[in-house]
Amino acid sequence: DAKTTQPPSMDCAEGRAANLPCNHSTISGNEYVYWYRQIHSQGPQYIIHGLKNNETNEMASLIITEDRKSSTLILPHATLRDTAVYYCIVRSANFGNEKLTFGTGTRLTIIP
Amino acid sequence: DAGVIQSPRHEVTEMGQEVTLRCKPISGHNSLFWYRQTMMRGLELLIYFNNNVPIDDSGMPEDRFSAKMPNASFSTLKIQPSEPRDSAVYFCASIPTGGGRNEQFFGPGTRLTVL
């Protein structure tokens, strides 16, 4: 059962902000939104997560709508190394139930 | 820290042979996950352990697959007998004990080819 919906692919010019949308209209109150990315031939890499407030770290910003039914991952200054598949995942906040269910993600291509 | 270590990185075997994939989680991590990635099915969870105990093995495809975690620093995923449809990249991931359980740390994966 797909809990998130993402566009299959996006392009972004190098140096510009990349905005990746995600819909999670059935998210429940105890579920977080997580973002991971997978660069070709590597294991997935954690980017950021949030519950309802906007979050920022050294890699990205996460904007979650007030109704929590959608979110946007922002890479502020995209570089060629940001070319990857980006996965938006909703995950239970319950301790001991940290499994991730990956969808098909968004293939982001950074254009020189 | 060396991160999550998986071995072998590549494995080519013939149908019917036994295959054993190995994973060493990051020291101090008490939860371990095995994932499989194929073009057709994407990235899917096979099984995960908390404190060496299997918590959810609903993703294990069939009885040919088995996973063990004899101690906190080692896990194996075994396929016996292997079939061509088992060809995939198998990832292991771990998360730390207690606080900071938000980030799963993935290994580099084992690319399995069954001929």
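Naming convention: chains lettered A, B, ... in sequence-line order (proteins, then strands); numbering from 1 in each chain.
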Mind checking the CZ-CZ spacing from R41(B) to F102(A)? Nearest 0.5 Å is all I need. 15.5 Å
Return the CD to OH distance between Q104(B) and Y36(A), rounded to the nearest 0.5 Å.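 The OH atom of Y36(A) is 4.5 Å from CD of Q104(B), to the nearest 0.5 Å.
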Is there a path from [X] to [Y] through hydrophobic residues (I, L, V, M, F, W, Y) whose side chains come within less than 4.5 Å of each other?
X: L77(B); Y: V19(B); answer: yes
X: L45(B); Y: M69(B); answer: no
X: F65(B); Y: F49(B); answer: yes
X: M59(A); Y: Y34(A); answer: no
X: I27(A); Y: I47(A); answer: yes

With a 4.5 Å heavy-atom cut-off (strictly below), which parts of residues 73-90 of chain A touch chain B? List them by number. Y87(A)
Do the side chains of [Y] and [X] get nearer than 4.5 Å, heavy atoms only?
X: Y46(A); Y: F106(B); value: no
X: F91(B); Y: Q42(A); value: no
X: F105(B); Y: Q45(A); value: no

My understanding is that only residues two or more places apart in sequence, or in another chain, count here; which of them pass ring-ring contact (aromatic ring centres under 6.0 Å, His included) with Y32(A)? H49(A)
Considering residues at least two apart in sequence or located in another chain, which fulfil the salt bridge (Lys or Arg N to Asp or Glu O under 4.0 Å) criterion with R91(A)? none
Pick one of side chain, backbone, both or neither for [X], based on which atoms fall under 4.5 Å of a heavy atom in chain A.
X: Q37(B); result: side chain
X: D56(B); result: side chain
X: L43(B); result: both

Please output the side-chain donor-acceptor pairs of residues 9-24 of chain A that fall under 3.5 Å, not counting sequence neighbours, one pair per line with the distance.
unit_1 : atom_1 : unit_2 : atom_2 : d
H24(A) : ND1    : R68(A) : O      : 2.8
H24(A) : NE2    : S71(A) : N      : 3.4
H24(A) : NE2    : S71(A) : OG     : 2.9

For residues Y48(B) and K99(A), report the shortest heavy-atom separation together with the two atoms involved.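 Looks like CE2-CB, 3.8 Å.
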Contact part of L100(A) toward chain B, heavy-atom cut-off under 4.5 Å: side chain, backbone, both or neither?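 Both backbone and side chain of L100(A) come within 4.5 Å of chain B.
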Within 6.0 Å of CZ in R107(A), more than 12 heavy atoms from elsewhere: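 Not buried by this count: 12 neighbours or fewer within 6.0 Å.
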Got a sec: does the CG of D63(B) have more than 12 other heavy atoms crowding it under 6.0 Å? no
